[in-house]
Every structure is written in structure tokens, then in C-alpha cells.
Amino acid sequence: MVRVPRRPLVAGNWKMNGLRSSTAEFSRIVEGARKLAGVDLMICPPATLLVLFAAAAKGTSVLIGAQDCHAEPSGSFTGDLSAEMLKDAGASAVIVGHSERRSSHHETDADVRAKALAARRAGLCAIVCVGETRAEREEQRALAVVGTQLDGSVPDGAIAENLVVAYEPVWAIGSGVTPTPTDVADIHAFIRQRLGSRLGEEGQGIRILYGGSVKPSNAKELLHVANVDGALVGGASLKADEFLAIASVYGRQSRNIG
Ligand code: PGA
């Protein structure tokens, strides 16, 4: 059986950061991306910048993602955005179930699955986030928690084109603390196995990102772990130099620079 290798993806989650003036920093990322081959780069800006960034990335390999979507395609949902709207604004992916939304917006696994299905309906790839809290890890429940989140949040029939999983231990997000490479290997192997038993061969092609305090200084040791197919980067994605340094862990310098 010939297995297509998973192409690494380094995605930047800008969270609630960025104004129109940030287009200059984004353009530096687009410029730098021209010099990297063998890795997909994506920036997920706040929704207010989607159209602007999509225009700036046009004709380049840099992908644009959104940070959340509503499950319905349209309707009376003041303040929400549908997956169709995000696609229309230039996104090709959307993060769903980020721990900040699971905690401050009380999103359940069922909500996250509905959003992932909405993404698929609109032709977007859903980046489904899972991860345990510090207390859950200390109680040796990390695998059980992540397994339950995966089972509840990943829709049936998911394939590599419409699903990416991001493992983000809640205690590592924005804290500067990361799991050891061995811990990352264990949980990513577990996620890979769980996706395989649920989705069969398709589960092998789905990319599993690591997220939580990824920086240029730790990218090499975290992102070359088995079954780590890239990173979801928060704080360090706001600076082009740092984001590109992380991505360069995978990227070969392309020959035709320019
Ligand atoms: P961080 O955030 O890289 O700032 O820890 C990661 C995330 O929340 O996706």
C-alpha cells in the first residue's frame, strides 16, 4: 500500500490581534513564504482582516484561515459569521473548538462537530482543536480527555482535505511551558490511532498539528516528533521573523527565490 506523505502545515492563530496596519507584517510573512518549499503556511487573522489578507496573499502559496464559525449557513445570529461567509471572504480553513472558545464560550464537542460540518459544507477545511487541562494531565487523564474530545468533535467521513486536528494542551497555550517531546509523541500516536480506527485509511492522511507555546527555540524538537505534521502557533505567529523561523524547521529553501 502506498501512502501519500502528509505535507506539513504551520498555521498562525492571530486571535484578537491585528489592525489594518498589520498588513505590513503579514506581507513580510508572504514574502518569506516564497523562500520556503515543502511546507504549507497559513495565517488565521481576526475576521475583520480576512478580505484584506486574502487580497495580499492572492497568487501566493500562503493560505488564509478563520478562527471560528457558526454552524448555520445564515440567519438571525447577531454577531456570528457562517462558514460560507468566511469562504466568501477568502478563507480556505477555519479553526473550530479552540480551548479559548471551549472555555469562554462554553462550546461542547457537539457544537464543535457541528461547526466542523459547517466548514465542510462551505468547502473549508476545519482545524479541530483538542487538549487537556493541567489538572486533567496531573490526574493522568490526558488521553481519556483527548479521546472523548476527538470522538465528539470530529465528524464522520472526515478526510485530509476537510479536517486537520490540532493537539493543544490548555496549560501550554500562552504559558511558555510545553510538554516533552516524549509526551507529544505519546499523545499524537494516540490521536493517529484513534483517527485510524474511526476513519480507516483516511485517518492516516489527516494532519495532526501540535500547538501551545511553539517558538523558534523549541520548534525543532517539537515539530520533528513522529505524527506531528505541523504547528498551530499563537503569539509567535504575530511576528513574521518568528513565524517563518518556526516554519523553516520543515521548509527547504526553494531554488527559485524571488
Ligand atoms: P500560543 O497559542 O502559541 O501563544 O501558546 C497557541 C494557540 O492558542 O493556538
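Order of listing sets the numbers, starting from 1, for every ligand and every atom in it.
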Give me the nearest non-hydrogen protein atom to atom 9 (O) of ligand 1 as residue plus atom name, then the distance to 0.1 Å. Glu168 OE2, 2.6 Å
Run the salt-bridge test on Asp151 and Arg194 with the 4.0 Å N-O cut-off and return the result as yes or no. yes
Could you list the atoms of ligand 1 found under 4.0 angstrom from a heavy atom of Asn13? 9 (O)
Would you say Ala236 and ligand 1 have an N/O pair spaced under 3.5 Å apart? no
Any N or O on Ile173 sitting closer than 3.5 Å to an N or O of ligand 1? no
Got an N/O contact under 3.5 Å between Ser175 and ligand 1? no
Does Gly174 come within less than 4.0 Å of ligand 1, judged by its heavy atoms? yes
Tell me which protein heavy atom sits closest to atom 4 (O) of ligand 1, plus the residue, atom name and distance to 0.1 Å. Gly235 N, 2.9 Å
Which of the ligand 1 atoms, numbered from 1, are nearer than 4.0 Å to a heavy atom of Gly212: 5 (O)
Residue and atom name of the nearest protein heavy atom (relative to atom 3 (O) of ligand 1), distance in Å to one decimal: Gly234 N, 2.8 Å
Could you check whether any heavy atom of Lys215 sits closer than 4.0 Å to an atom of ligand 1, since that is the contact criterion I want to use? no
Answer with yes or no whether Ser213 contacts ligand 1, where contact means a heavy atom under 4.0 Å from a ligand atom. yes
Nearest 0.5 angstrom please: Leu41 CG to Ile29 CD1, how far? 7.5 Å
